[in-house]
Student: 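The following block contains the structure, expressed as structure tokens.
Order of the sequence lines fixes the chain letters, A, B, ..., with proteins taken first and strands second; residue numbering starts at 1 for each chain. As the structure is a computational prediction, the values presented were derived from the model and not from experiment.
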Protein chains: 2
Amino acid sequence: MDKELATALFESLASGVRLDVFRLLVKHAPTGLVAGEIAARLDIPSTNLSFHLKAMTHAGLVNVTQEGRYQRYRANLAVMQALIDYLTAECCNGNPEKCFDAGSAST
Amino acid sequence: MDKELATALFESLASGVRLDVFRLLVKHAPTGLVAGEIAARLDIPSTNLSFHLKAMTHAGLVNVTQEGRYQRYRANLAVMQALIDYLTAECCNGNPEKCFDAGSAST
DNA sequence: ATTACTATACAACAATTATTGAAATATTGA
DNA sequence: TCAATATTTCAATAATTGTTGTATAGTAAT
């Protein structure tokens, strides 16, 4: 995980629409959902959803596979785990004790 | 941690400049650095740095305290930990086994 | 008070990102 | 092949974000 990938992933998560999409896909892992289903559930115009899905796919946050005329999207949980690891390392860099004292009381 | 805060934090981390600033402040936790020192180390014009520091402060990613004519900035590690917790929950929502199988092999 | 120094606010502008509708591409099934 | 469906691409535009220089406000020290 380098800086460039990290910022790309953060950017993918920095929009309400994309965060909604990702959370929906996580809920439906590992099956995933086809584009039309995502659009219907989140009530987003298909062109706009396509725009965001393309960005997320490019960043590697989601994967896509073709199923006939459908495109099935799945959350990339491995990348998400790598991001969490990166964030943990960045957060605690040189000061691990501080980091895990502070915020662990989050319900 | 709600969606609004999460997107604000992701947005804070989604820029190369801001990610650099944050990582620098984490390295210097818990002392922090004054604005001029950050600008010098990262070679960013002070006005531009101020713009980004303001955004990060607003999002809660960093804290600031006045020291005479200096402004000292510190990484907010508690918020970072809360974000990691949020991300872990989002990532594993309904499928914890999948998440931690996949990406844990990150050095 | 005045001079120097630190940092932010403001204004102008550049660049990027988001949204929408219409058109295009590709697949399915009659 | 033809009509129907699913999704993306494209073009136009709106909205947001990033960068820079100049001006301002505050602090420090003489």
Student: Picking from dA7(C), dT19(C), dT9(D), which would you name as closest to the side chain of Q71(B)?
Tutor: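 The closest nucleotide is dA7(C).
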Student: Which residue pairs satisfy the side-chain hydrogen bond (donor to acceptor under 3.5 Å, both in side chains) criterion with at least one member in residues 11-21 of chain B, sequence neighbours excluded?
Tutor: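 As it turns out, the side-chain hydrogen bond (donor to acceptor under 3.5 Å, both in side chains) pairs with a partner in residues 11-21 of chain B, which skip direct neighbours, are K3(A)-D20(B), R18(B)-H52(B).
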Student: Between A55(A) and V34(B), name the one whose nearest nucleotide on DNA chain C is closer to the 5' end.
Tutor: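 Of the two residues, V34(B) wins.
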Student: Taking the side chain of N48(B) as its heavy atoms from C-beta onward, which of dT20(D), dT19(C), dT6(C) lies nearest to it?
Tutor: dT20(D)
Student: OP1, OP2 of dT8(C) versus side-chain N and O of Y73(B): anything below 4.0 Å?
Tutor: yes
Student: Write down the distance between CG (L33(A)) and P (dT7(D)), rounded to a whole number of angstrom.
Tutor: 11 Å
Student: Among dA18(C), dA7(C), dT7(D), find the nucleotide with the atom closest to the side chain of R18(A).
Tutor: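 My answer, after comparing the listed nucleotides, is dA18(C).
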Student: Looking at dT17(C), I'd like to know if its phosphate oxygens (OP1 or OP2) sit under 4.0 Å from a side-chain N or O belonging to H52(A).
Tutor: no
Student: Quick check for you: among dA7(C), dG18(D), dT17(C), whose closest atom lies nearest to any side-chain atom of A35(B)?
Tutor: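 Minimum distance to the A35(B) side chain belongs to dA7(C).
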Student: Around atom CD of E67(B), are there more than 12 heavy atoms from other residues, nucleotides or ligands closer than 6.0 Å?
Tutor: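 Above 12, so yes.
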Student: I need the OH-C1' distance between Y70(A) and dT25(C), as an integer number of Å.
Tutor: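 It is 16 Å, rounded to the nearest whole Å.
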Student: Give the nucleotide from the list dT19(C), dA6(D), dT8(D) with an atom nearest to the side chain of F51(A).
Tutor: dT19(C)
Student: Is any side-chain heavy atom of T31(A) closer than 4.5 Å to one of R72(A)?
Tutor: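 Answer yes - side chains close enough.
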Student: Quick one: which of dA6(D), dT9(D), dG18(D) gets closest to the side chain of S50(A)?
Tutor: dT9(D)
Student: Would you kindly give the CG-to-C1' distance between L19(A) and dA18(C), to the nearest whole Å?
Tutor: 16 Å
Student: Rounded to whole angstroms, how far apart are CD on E11(B) and P on dT16(D)?
Tutor: 11 Å
Student: Within a 6.0 Å radius of atom CG on D43(B), are there more than 12 heavy atoms belonging to other residues, nucleotides or ligands?
Tutor: no
Student: Using modelled atom types and a 3.5 Å cut-off, is there a donor and acceptor pairing between side-chain atoms of N76(A) and backbone atoms of G60(A)?
Tutor: yes
Student: Base of dT7(D), side chain of R69(A) - is there a donor-acceptor contact under 3.5 Å?
Tutor: no
Student: Please state how far atom CD1 in I38(B) lies from atom P in dA7(C), giving the value in whole angstrom units.
Tutor: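 Value for this atom pair: 9 Å.
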Student: Whole-Å distance between dA7(C) P and E37(B) CD?
Tutor: 9 Å
Student: May I have the distance from I44(B) (atom CD1) to dT8(C) (atom P), rounded to whole angstrom?
Tutor: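 So the two atoms are 13 Å apart, to the nearest Å.
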Student: When the distance from CG of L53(B) to P of dG18(D) is rounded to whole Å, what number comes out?
Tutor: 13 Å
Student: I want to confirm an ordering. Mapping E67(A) and K54(B) to their closest nucleotides on DNA chain C, which one lands closer to the 5' end?
Tutor: K54(B)
